[in-house]
Amino acid sequence: QVQLVESGGGLVEAGGSLRLSCAASGRTFSSYYMGWFRQAPGKEREFVAASSYSGGNTFYADSVKGRFTISRDNAKNTVYLQMNRLKPEDTAAYYCAAAYGINIMSMPDYWGQGTQVTVSS
């Protein structure tokens with residue numbers, strides 16, 4: 001079992017940056033693939049980015065590739081999502097997720113409560 005708490009959301013102008021953090025507690029953090037998803041109003045939740053156990057492998061949705069960077073600090077039990085060159089279409093609730101394996105991109109095992117990101121045009 002792992003508990004996930006996101007922070008760092010807020011309101012930013014288009015072209016700006018935000019960094020989301022997700023603090024994990026519970027079982028060994030390095031035993032999980034970690035990821036980020038987002039859900040905009042009226043839309044389904046979608047995959048954004050994921051990191052392997054050590055952070056050596058990362059995965060991104062095409063819509064954020066080159067703008068967002070996922071990273072993790074296993075010593076701090078924290079995963080980050082650095083979001084640059086934000087666009088209004090990035091506006092969504094962002095959710096941290098954890099999984100025992102590569103299913104992180106499709107069906108995570110655990111979810112955080114979410115943090116809102118709003119990008120104004």
Enquirer: With a 4.5 Å cut-off on side-chain heavy-atom distances among I, L, V, M, F, W and Y, is there a chain of contacts connecting Trp36 to Val5?
Expert: no
Enquirer: For Asn74 and Asn77, work out which heavy atoms get closest and say how close.
Expert: O-OD1, 3.1 Å
Enquirer: Kindly determine whether Gln116 and Thr91 satisfy side chain to side chain contact (heavy atoms under 4.5 Å, CB included), including the steps that lead there.
Expert: CA-CA 8 Å; Gln116 179 67 34; Thr91 295; 4.0 Å; yes
Enquirer: So Tyr110 and Gln1, do their side chains get closer than 4.5 Å, heavy atoms only?
Expert: yes
Enquirer: Of all the heavy-atom pairs spanning Ser17 and Asn84, show the shortest one and how long it is.
Expert: OG-OD1, 3.0 Å
Enquirer: Roughly how far, to the nearest 0.5 Å, is the CE atom of Met34 from the OG atom of Ser51?
Expert: 8.5 Å
Enquirer: Is there a donor-acceptor pair closer than 3.5 Å between any side-chain N or O of Glu6 and the backbone N or O of Cys96?
Expert: yes
Enquirer: Show the nearest heavy-atom pair for residues Ala24 and Val2, with the distance to one decimal.
Expert: CB-CG2, 3.9 Å
Enquirer: If you round to the nearest 0.5 Å, how far is CZ of Phe37 from CD1 of Ile104?
Expert: 5.5 Å
Enquirer: Could you give all pairs that pass the ring-ring contact (aromatic ring centres under 6.0 Å, His included) test and reach residues 53-98, with sequence neighbours left out?
Expert: Tyr33-Tyr53
Enquirer: Show me the donor-acceptor pairs, under 3.5 Å and distance only, between side chains in residues 39-48 and residues at least two apart or in other chains.
Expert:
from, atom 1, to, atom 2, distance (Å)
Gln39, NE2, Lys43, O, 3.1
Glu46, OE2, Arg38, NE, 2.6
Glu46, OE2, Arg38, NH2, 3.2

Enquirer: Could you grab the distance from atom CZ of Arg72 to atom OG of Ser52, nearest 0.5 Å is fine?
Expert: 7.0 Å
Enquirer: Tell me whether Val79 is reachable from Tyr100 by hopping between hydrophobic residues (I, L, V, M, F, W, Y) whose side-chain heavy atoms are closer than 4.5 Å.
Expert: yes
Enquirer: Are Asp90 and Lys87 ion-paired here, with the side-chain N under 4.0 Å from a carboxylate O?
Expert: no
Enquirer: Is it the case that atom CD in Gln113 sees more than 12 heavy atoms from other parts of the structure closer than 6.0 Å?
Expert: no
Enquirer: Measure the spacing between CG of Leu20 and OG1 of Thr78 and express it to the nearest 0.5 Å.
Expert: 12.5 Å
Enquirer: Could you give the distance from CD (Glu13) to OG (Ser120), rounded to the nearest 0.5 Å?
Expert: 5.0 Å
Enquirer: Which heavy atom of Ala99 sits nearest to which heavy atom of Pro108, and what is that distance?
Expert: CB-CA, 4.1 Å
Enquirer: Could you measure the distance from the OG1 atom of Thr115 to the CG atom of Leu81? Nearest 0.5 Å is fine.
Expert: 11.0 Å
Enquirer: With sequence neighbours left out, which residue pairs that include part of residues 95-118 fulfil the salt bridge (charged side-chain N to carboxylate O under 4.0 Å, His left out) condition?
Expert: none
